[in-house]
Amino acid sequence: MKKSDTGNFARNNPVGRFISRNAMILSALIVMGIVLSLISSSFFSSANVLSVLRQASTNAILSMSMAMVLIIGCIDLSISSSLALSGALCVIMINNGVPIYLALAVTLVFGAFCGLLNGVMAAFTDIPPFIITLATQQCFRGAAYLLTDGRTIMCYDDTFTKIGAGSFLGIPVPVVIVLIVLVIAAIILSKSKFGRRMYAIGGNKSAAVYSGIKVKKVTVIVYVLTGTLASLAGIVLCSRTYSCQPTAGTGYECDAIAAAVLGGVSFNGGVGTAGGVMLGSLVIAFLNNGLNMLHVHAYWQTIAKGIVILIAVFFDTMKVEKMRGRKV
Amino acid sequence: MNEHKILEMKQISKSFSGVQVLNNVDLSLYPGEVRALAGENGAGKSTLMKILGGIYTKDTGEIYVDGKLQDISSVEVAKELGIAIIHQEIVLVQDMSIAENIFLGREHSAGYGLVNFRKTYEETQKLIDRLEIRGVTPQTMVKELSISQQQMVEIARALSTNARIIVMDEPTSSLTDSEVTKLFEQIRQLKKDGIAMIYISHKMDEIFEIADRITVMRDGCHIMTESIADTNYDQIIRSMVGHEITDYYPEFRAQPGDVILEVKNLTTDRVKDISFSIRKGEILGLSGLVGSGRTELAEALFGIDPIHSGEILLNGEKISALSPEEAIKAGIAMVPEDRKDKGLFLTNTINFNMTITVIDRLISKLICNKEKEKKMLDSYINQLHIKMANLEQSVIELSGGNQQKVVISKWLATEPSVLILDEPTRGIDVGAKSEIYHLMVKIAEMGVPIIMISSELPEIMNLSSKIAVMCERKLVKIFDLAEETPTQETIMHYATGGYRNEKK
């Protein structure tokens, strides 16, 4: 009976539950930490860790935004482009004298609008979300080129650059933003009625319809959240690089999917936690950083990342198989 | 039957991670025999068949085909030995033609890796003729076929491999009565050709109609094998369940109260001009052939289909359910036909499934009222006798009967005025069926009237206080069992449109 006792502990205690759910990825993180600190003494210096976290913030926010749509069984490939478009919009507004806070607010609303476009199409048409957002990815990217005239635009506004480069109580501002996003996402997913409805839709859409859940409404709202988070990631990225580029974020949607899936989000929907996603994006960040420290060529790094994702997903599918095979 | 045995399985045992699923099971077949294989879910029927089909390998035991000891180590070996298994779920590629499906994986070659289509079509045509599948050509796409025709294609595929032993796993679960009749004709034809068949089914009347002998399994053991002529319904049930079920159908005398639901001239895209009413304490059995509009009527009441004309009165008030959400608010609950597809969130927990319809009441301002939740869950688990390890278990791990109870409890939690159950006992074993029947009567007696859609006439006859019969999207007859007791034949007469001749 001892085994089931520890099982109960893991279920009833939030920390225990978090650890047992994310056992695989946590151990991966720990192993990576140990290996990297053995190889390089500077790895665990606070300077290195903070800089890794600062760099990881864009991906962390995007991963959370991707996780939201994945959990309802959809996908949003356009987040990388709406990141670039929102960032460009924000920088151009600031450079043209729009008050910074107004510019930020308008940018977030614009991101929400991008999400709304995707969401309305995903909810009210029969076009697969993959195709819808593949198309809007192209449109948003094109709009970003038009807006910037294809050039990098610099922005040295003090307040704006602080978002990316500043610190709050010794913690980089982007990391603070990520923590806030994490807390809000965790509350939505694990505590709110809305969150339960999201899991229901992703778990079984027709059962959700038959349970009286407004599937279309929830879908649209989730896409709006996703778009808003993408524009937030755009603001952070532009601020960190003092500029906006029409090519910014190209391919980031793949990193976001990778982090979400590594963190235990199911590609089929219905499964995933905010904490897991955060761990997933940490693994990717430290993997990049570690390979850099080992002086692994960037091309090889990309291959390594791909292999890690395959391995993680392989173990994940094994887990599902096991569950399906086991019946009372 | 003093011929040689075509198949002999001796002392077959199998365990999965320490759990014994088969314990020294014997099974032998003669050519031209139809053997019914019965037993509750989990009795080991499918495991035994999977061993025969080479999907699993046995731990111990011997299998003889035509008197020769064989080692069925893979699906290919089983096929070579002439063993074909037709699975319960149809496994055909919908976007391919009949011929392509039949020869999938063993296409006739025209050399250079190309497919010899002419030969493929010729062979398929022969099979179509042999099985007398009407209205199709080898080139017909599978997605254009009815379910029974698809079932026939599965049988054709089995025959094309020169199978001499065919296993059919609940082949009639998605067939209408007339389609079942056609299937049985084919089975009798195959018998004449000396093909042995193992027929897995939960439906007793079918077993008595088609099988020569019956084997009953329970808890991984062989319990009995008997010639159909020498056994009876009670003996089979007793062997399956392990004890006598004294009150399989509960005693039910409806005490009709006020009218709860009244439907007047309801018309949607899929049902025409439906009128009926149901009173407190009643169970209305909704009978009819598959496709007669029963489910469609339920879906109209539940707000899934838009209503063109007519009205629905619930407790005397007109409701216009435009969506399931509004129907639930008004007090209509519906347990859909396909439990796995429409009723459950399979990979989520029991807790999640049972509370999803009432989270508005349990969660306020992000705080879940755990006490209220626990009280509610406990009360349903006790009332419904749901067997489970704990509330955080995934529903996918539960048996069909317990899954159905979870779906029912999720709807009882909404405290409905009327409960619609669409095929509530489909795919559930005998013991659990009886439990669901008792539960339904209890719910009706508590004051929640039930509309039960069922294809199983015994269910309709034994539980309903009123029987409504549908045919071609219309409600053609309502029997009040307090006044008259129709026979199964009378009900079928109306369900098949026989009433029309009457009018003339």
Side-chain angles (χ1 to χ4, degrees), chain A residues 1 3-5 7-13 16-17 20-21 71-73 183-184 186-218 266 268-272 316 319-328, chain B residues 16-17 19 41-42 299 302-304 323-329 332-336 338-349 352-353 355-368 387-400 402-403 407 410-411 414 422:
Chain A
M1 284 305 344
K3 200 175 166 196
S4 82
D5 282 352
N8 281 335
F9 166 75
R11 261 190 293 275
N12 297 333
N13 174 307
R17 193 162 44 196
S20 79
R21 259 189 194 159
I71 284 172
I72 61 165
V183 169
I184 294 174
I187 290 173
I188 290 177
L189 289 176
S190 68
K191 294 280 177 196
S192 74
K193 288 182 259 188
F194 187 76
R196 286 216 197 178
R197 288 179 180 140
M198 284 172 63
Y199 286 115
I201 293 171
N204 185 345
K205 198 166 163 185
S206 31
V209 171
Y210 278 77
S211 300
I213 292 169
K214 288 181 177 164
V215 175
K216 290 180 176 157
K217 188 175 145 191
V218 174
S266 163
N268 298 320
V271 182
D316 187 55
K319 218 161 54 187
V320 175
E321 284 278 296
K322 214 173 140 193
M323 207 162 90
R324 285 190 187 276
R326 196 179 62 197
K327 285 192 180 179
V328 169
Chain B
F16 289 112
S17 47
V19 182
N41 295 332
E299 290 187 341
F302 195 59
I304 289 183
S323 70
E325 203 199 4
E326 283 161 70
I328 294 166
K329 265 193 202 142
I332 299 175
M334 174 166 164
V335 174
D338 194 327
R339 172 168 74 240
K340 286 181 184 154
D341 206 34
K342 291 173 182 163
L344 289 169
F345 305 98
L346 278 176
T347 50
N348 289 90
T349 64
F352 181 96
N353 273 279
T355 54
I356 188 77
T357 48
V358 288
I359 43 176
D360 277 327
R361 263 183 269 157
L362 294 176
I363 301 180
S364 76
K365 295 192 185 111
L366 299 179
I367 294 161
C368 183
K387 281 178 215 132
M388 55 174 195
N390 60 61
L391 282 165
E392 302 302 318
Q393 196 180 4
S394 297
V395 285
I396 199 169
E397 296 173 18
L398 297 179
S399 69
N402 281 310
Q403 286 184 349
V407 184
K410 124 179 165 182
W411 287 112
T414 65
D422 194 352

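Numbered from 1 within each chain, the chains take letters A, B, ... in sequence-line order. This one's a predicted model, so the numbers in the text were calculated from it and none came from an experiment.
Minimum heavy-atom separation, Arg196(A) to Thr355(B): NH1-OG1, 2.9 Å. Across all non-hydrogen atoms, the minimal contact from Pro324(B) to Gly212(A) is CB-CA, 3.9 Å. The two atoms that bring Phe345(B) and Ala200(A) nearest to each other are CE2-O, 3.0 Å, heavy atoms only.
The side-chain heavy atoms of Asn348(B) and Asn204(A), taken from C-beta on, include no pair separated by under 4.5 Å.
Of the two parts of Lys410(B), only the side chain, counted from C-beta on, holds a non-hydrogen atom closer than 4.5 Å to a non-hydrogen atom of chain A. Neither the backbone nor the side chain of Ile188(A) comes within contact range of chain B; no heavy atoms are under 4.5 Å apart. Interface remark: Ile359(B) contributes backbone and side-chain atoms alike to the contact with chain A (heavy atom separation under 4.5 Å). For a residue to count as touching a neighbouring chain, one of its non-hydrogen atoms must lie under 4.5 Å from one of that chain's; by this rule Lys193(A) touches chain B with backbone and side chain alike.
Counting heavy-atom pairs closer than 4.5 Å to chain B, the top residue among Ala207(A), Ser206(A), Gly202(A) is Ala207(A). Between chain B and the options Ala208(A), Gly203(A), Gly195(A), Gly270(A), heavy-atom pairs under 4.5 Å are most frequent for Ala208(A).
Below 30°, between 30° and 60°, or above 60°: for Tyr199(A) and Phe352(B) the angle between ring planes is above 60°, a perpendicular geometry.
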